[in-house]
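These notes concern the structure reproduced below.
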Amino acid sequence: MKTFDVLLPPFNFRISTDIPSVVENLQSIYKQQLFAENTLPFIDYHLRVVFTNGLRKWVKPQARFFCDQHEPFKPLNESQAFAMLEWGMNWAIASYEMRHVIIHSGVLAKHNQAVLFPAPPGSGKSTMTAHLAFNGWQLFSDEMALIKPGTNIVTPFARPICLKNQSITLARKWFPEASFSSIAKDTHKGDVIHVAPPVSETTLFADAPIKAIVFPMYSADSDIDIVALDQAQAMHHLADNAFNFSVLGCEGFSTLCNVVEHAQCLQIRYSDVNDVQEFLEQDILVHE
């Protein structure tokens with residue numbers, strides 16, 4: 001069994017595993033954020049990804065995920081163990097974190113202005129997130145926006161970007177020098193891979209105000225189409241993507257209202273991520 005401390009501001013994780021592929025992927029993807037056990041002074045989440053016991057360890061081996069002593073998922077094929085860990089980290093934050101209002105959303109920033117990309121599967125959110133992260137934008141998160149209650153300020157939680165199916169081929173072509181995890185095949189999302197984004201230590205802790213909320217909709221072979229949403233429409237869509245909105249009650253509601261009131265809210269149908277990047281940089285973000 002190997003155990004690592006992982007620095008992922010604003011959280012610290014301690015991860016234990018006896019699965020060699022998980023160790024290899026952790027070392028490849030997290031690099032400078034990965035430390036020996038007991039390096040970090042405080043741990044927020046203790047996680048384990050381990051082989052099942054008994055005969056299963058040797059015949060069609062499976063992986064199990066634990067957060068402390070709780071096992072929220074059914075075992076998965078060993079080849080999916082690292083993806084299971086990444087999903088488990090998302091699950092832990094979405095289930096237990098109450099210091100932030102959490103939105104299921106990609107989040108990127110440029111010129112200290114953040115853009116939220118809340119979207120359902122199939123919208124191209126992660127592909128767009130990867131493209132922007134490797135083209136001059138700071139990745140805050142591929143999966144969740146951590147918003148300080150009562151404000152429109154989002155906190156970075158930079159983690160590997162999860163890419164699926166055809167996006168894997170695109171990412172390998174676009175970013176040949178990037179660090180990719182092994183492929184988890186035949187998951188409930190299809191084939192899945194994680195790519196380490198460019199992250200500098202100076203940006204790991206840099207909060208930013210939310211300048212825009214963009215609901216992306218990928219549509220093959222279409223021209224870019226941009227529709228402004230009113231605050232009621234944006235609030236409805238944003239609440240649909242909130243993890244702990246109802247649990248936080250009035251505080252959650254007032255925070256989402258604050259975000260919507262201070263942001264441009266748009267729905268963008270696109271086929272080329274470069275068109276979206278050009279529009280955001282020229283028409284939405286102000287470089288002072």
Excluding sequence neighbours, so at least two apart, what forms side-chain hydrogen bond (donor to acceptor under 3.5 Å, both in side chains) with [X]?
X	result
Asp5	Arg14
Ser271	none
Asn258	His262
Ser182	Asn25

If you measure from [atom1] on [X] to [atom2] on [Y], what distance do you get to the nearest 0.5 Å?
X	Y	atom1	atom2	result
Gln113	Gln138	CD	CD	12.5 Å
Leu85	Ile29	CG	CD1	11.5 Å
His70	Leu47	NE2	CG	12.0 Å
Gln69	Arg48	CD	CZ	5.5 Å
Ile43	Phe13	CD1	CZ	9.5 Å
Leu238	Ile210	CG	CD1	8.0 Å

Practice prompt. Name all pairs fulfilling the salt bridge (charged side-chain N to carboxylate O under 4.0 Å, His left out) condition that reach into residues 247-276, sequence neighbours left out, sorted by first residue then second.
Written response: none
Discussion item. Can you pull out every salt bridge (charged side-chain N to carboxylate O under 4.0 Å, His left out) where at least one residue sits in residues 157-185? Sequence neighbours excluded, please.
Written reply: Glu86-Arg159, Lys185-Asp191
Donor-acceptor pairs are to be reported for all side-chain atoms of residues 91-98 against protein atoms at under 3.5 Å, with residues two or more places apart or in another chain.
residue: Trp91; atom: NE1; partner: Ser95; partner atom: OG; Å: 3.3
residue: Ser95; atom: OG; partner: Trp91; partner atom: O; Å: 2.7
residue: Glu97; atom: OE1; partner: Arg99; partner atom: NE; Å: 3.3
residue: Glu97; atom: OE1; partner: Arg99; partner atom: NH2; Å: 3.2
residue: Glu97; atom: OE2; partner: Arg99; partner atom: N; Å: 2.9
residue: Glu97; atom: OE2; partner: Arg99; partner atom: NE; Å: 3.4
residue: Glu97; atom: OE2; partner: His100; partner atom: N; Å: 3.3
residue: Glu97; atom: OE2; partner: His100; partner atom: ND1; Å: 2.8

Beyond-backbone contact of [X] with [Y], side-chain heavy atoms, under 4.5 angstrom:
X	Y	answer
Asp142	Ser126	yes
Val101	Asn244	yes
Val259	Met235	no
Ser105	Asn241	no
Leu266	Ile213	no
Val195	Cys162	no
Phe157	Met144	yes
Val50	Phe66	yes

List the atom of [X], the atom of [Y], and the distance in Å for their closest heavy-atom pair.
X	Y	answer
Ala114	Val107	CB-CG1, 4.4 Å
Thr52	Pro75	CG2-CB, 4.2 Å
Ala81	Ile19	CB-CD1, 3.9 Å
Leu108	Thr129	CD2-O, 3.6 Å
Ala171	Phe180	O-CZ, 3.7 Å
Asp44	Pro10	OD2-O, 4.2 Å

Worksheet item: If you draw a 6.0 Å radius around CD in Gln166, do more than 12 non-hydrogen atoms from other residues or ligands fall strictly inside?
Response: no
Discussion item. Please determine whether the number of non-hydrogen atoms from other residues, nucleotides or ligands lying under 6.0 Å from atom CG of Asp223 exceeds 12.
Written reply: no
Worksheet item: For Val23, which of Val49, Asp18, Thr17 qualifies under side chain to side chain contact (heavy atoms under 4.5 Å, CB included)?
Response: Thr17
Worksheet item: Do His194 and Trp87 have ring centres separated by under 6.0 Å?
Response: no
Ring pair (Phe, Tyr, Trp, His ring centres under 6.0 Å) against [X], all qualifying residues, sequence neighbours excluded:
X	answer
Tyr270	Tyr218
His237	Phe215
Phe243	His104
Trp137	none

Give a yes or no on whether the backbone of [Y] and the side-chain of [X] come within a donor-acceptor separation of less than 3.5 Å.
X	Y	answer
Ser222	Ser219	yes
Gln33	Leu7	yes
Ser167	Thr127	no
Glu281	Glu278	no
Asn152	Ile147	no

Item to complete: Consider only side-chain heavy atoms of I, L, V, M, F, W and Y, link residues closer than 4.5 Å, and tell whether Val227 and Val214 are in one cluster.
Response: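 Each belongs to a different hydrophobic cluster.
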Practice prompt. Just jot down the side-chain contact (heavy atoms from CB on, under 4.5 Å) partners of Ala234, sequence neighbours excluded, or say none.
Written response: Val260, Cys265
Worksheet item: So, Ser179 and Lys31: side-chain donor and acceptor under 3.5 Å apart, yes or no?
Response: yes
